[in-house]
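Predicted, not measured: the structure shown is a model, and the values here were computed from it. Below, chains carry the letters A, B, ... as their sequence lines are ordered, and counting in each starts from 1.
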Amino acid sequence: MSEIASAVLNTASPFSKPKKTWVKKSVLPGFGLSIGLAALYASLIVFIPLAGLVLKSLELSWPDLWAVISNPRAVASYQLTFGASLAAASINLVFGLIVAWVLVRYEFFGKRVIDALVDLPFALPTAVAGIALTALYTTKGWVGQWFWLADIKVAYTWLGVTVALTFIGLPFVVRTVQPVLADLEAEVEEAAASLGASRWQTFSRVLLPALLPSLLTGFALSFARAIGEYGSVVFISGNMPYKTEITPLLIMTKLEQFDYAGAAALGTVMLVFSFVLLLLINLLQHWSHKRTGG
Amino acid sequence: MSIQVRNLHKNFGQFTALNNVSLDFPTGELVALLGPSGCGKTTLLRIIAGLENPDAGSVHFHGEDATNVHVRERNVGFVFQHYALFRHMTVFDNVAFGLTVRPKETRPDNQSIKKRVHELLELVQLDWLADRYPHQLSGGQRQRIALARALAVEPKVLLLDEPFGALDAKVRKDLRRWLRRLHDELHITSIFVTHDQEEAMEVADKIVVLNKGNIEQIGSPDDIYNNPASPFVYDFIGQVNLFHSRVDNGWAHIGDYKLPAPEHNTVIDQAAIAYVRPHDIELSESSSEGAIAARIAHVSTAGSVLRIELLHQLSNEALHVELPRAQERSLNLSIGAHVYAKPTSSKIFLQK
């Protein structure tokens, strides 16, 4: 009897066995269309050019390729590019947080102006920024002369490179932290204070963990932007091989000598490094996001 | 610990939130600050906590002036309407926070902290949630955790700002009974702010009714309900029927109808407002002395009482009546039926 019943039920059931699919079922329509467009767009703009870059560099034989990318001059430029970018992003992490804090937490005269100024590094042609910074930071410049008094040379050293990269990266940290900071309820701080926490304990144990995901995002964006920066750095760095030559400039040099494959090889190295670093930062961010529940 | 506030004054720009408020909160009592939004109740609570500074006046804890003591040192437990839990910390870490931020000399060791936190979590009946994060909890659970967190530092005073305001009706009812039981166990001086008169009536030992920065009345829930000191309190506590009238020689005249007003028998021809509570009205099908002729406009049979709206000659407003369910059978309550409504009790306030 039960066999018959179950057999009847089986055939009558309008629900077929769930098919294994790539995508989770969703009530939102248009998945096929939107993923198609997204893939097409990303391919045309990102994937195909990057694949082309890698293919081009593979025109070299392995020993040649290795010779190009492990050339001492190239290695020195990687060190400068990634080192200065890391330093610049770290500086922005601290001071970007302070700028965002001031803009969110206090009301003062000229706040809107400062708020607008933060975006300028986005808009300004980087060459203009480079020339302005160079003029300021040479040993005779307005700012540079004071450093020179302390025997510190800023322009035409790695320090100058870091200054330029800090300049262009600042908005990323400010703009990612600002909305999150504005969303933090004052109540949470009041709760911490009523439980006896000092100002510093409230900051380090309550506010900072809540801001961490957005700080990491800002750091990653600022860092990524700095790695690719070319325009502003070439003016302030002095471009001395082994000392103040960044990888993007080395690539330009190779291009000018019609060494396309060599340029592509260096580009691929930057691509791989950047990808690995950004992936690490994203994983870190994912982990911290998970803890706070988004 | 007892709390006194003296002549508190607080303005926000043009808006006066507190106008010369003085109050005593005796040790161990659960007091409700009740009033409509904008009446200054939350401001008063925040000033007592030290989260806000008064423009003038003082706050005394157990007779000592605490007006300039920082919230950190006041040793108050504060519970927020929207919980204000630390969302990157587990429930355990949230509750332990107040203990772990203590300076080294006074901080309990890890074992004692652990023991204390689990005691508190048992007290709020949520020990099994210790490893969760706040976003994994329901609203009611979050508020209980917030309460446990506030109690962890062994506060001398517990202050609750609309603690059940963000919860849905059923949870709110359960939680306020639970809060009352908790207070009976702990006997900690507690003040809670609410705009819900039912909540204040059910939970508090004493109610302070506030309106526009002033104290309207202080009293037990019974007192406030049965002897409202002002039209505002009468209006705010429970539903009322309101009649504009003229009082003359001990009677309040409403058109050609009159209500007895023996407390005003020396008053001659003065405007007054008469209030009658919906449950202080009897209905019958035959006319009698002092009854108002009316027609039934609407009957709501949902809930534990019958709510009836009557149309009548005295004003354009419907007369609200509440009857026990048992009367459903003895009366003809069809829409349009003629009935006679007789107020059994009324309160008349003279207008100045």
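Heavy atoms of B:Thr90 lying under 4.5 Å from chain A are absent altogether. Residue B:Arg149 touches chain A through both its backbone and its side chain, counting heavy-atom pairs closer than 4.5 Å. Of the two parts of B:Ala152, neither the backbone nor the side chain holds a non-hydrogen atom closer than 4.5 Å to a non-hydrogen atom of chain A.
Under a cut-off of 6.0 angstrom, the local environment of CZ in A:Arg105 is crowded, with over 12 non-hydrogen atoms contributed by other residues, nucleotides or ligands. Crowding of B:His62 atom NE2: a count of heavy atoms from other residues, nucleotides or ligands under 6.0 Å not exceeding 12. Within a 6.0 Å sphere centred on CH2 of A:Trp158, heavy atoms belonging to other residues, nucleotides or ligands number 12 at most. Counting heavy atoms of neighbouring residues, nucleotides and ligands inside a 6.0 Å radius, atom CZ of A:Phe95 does not exceed 12 of them. Few gaps surround CZ on B:Phe15; more than 12 heavy atoms of other groups in view lie less than 6.0 Å from it. Heavy atoms from other residues, nucleotides or ligands lying under 6.0 Å from CG of B:Asp184 number more than 12. Heavy-atom contacts from other residues, nucleotides or ligands closer than 6.0 Å to OH of A:Tyr41 number 12 or fewer. Annotation for B:Glu73: atom CD counts as buried by contact number, over 12 foreign heavy atoms lying within 6.0 Å.
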### Task
Check the pair A:Arg205, B:Phe97 against side chain to side chain contact (heavy atoms under 4.5 Å, CB included), reporting the backbone distance first and the verdict last.
CA-CA 9 Å; A:Arg205 296 193 46 186; B:Phe97 185 84; 3.7 Å; yes
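The backbone N or O of A:Leu212 lies less than 3.5 Å from no partner atom in the side chain of B:His88, so there is not a single donor-acceptor pair.
Chosen from B:Arg74, B:Gln136, B:Arg46, the residue pairing most often with chain A at heavy-atom distances under 4.5 Å is B:Arg46. Counting heavy-atom pairs under 4.5 Å between each of B:Leu85, B:Val79, B:Leu51, B:Val153 and chain A puts B:Leu51 at the top.
By a heavy-atom distance cut of under 4.5 Å, A:Glu187, A:Val188, A:Glu190, A:Ala191, A:Ala192, A:Ala193, A:Ser194, A:Leu195, A:Gly196, A:Ala197, A:Ser198, A:Arg199, A:Gln201 are the residues of residues 187-201 of chain A near chain B, going up by number.
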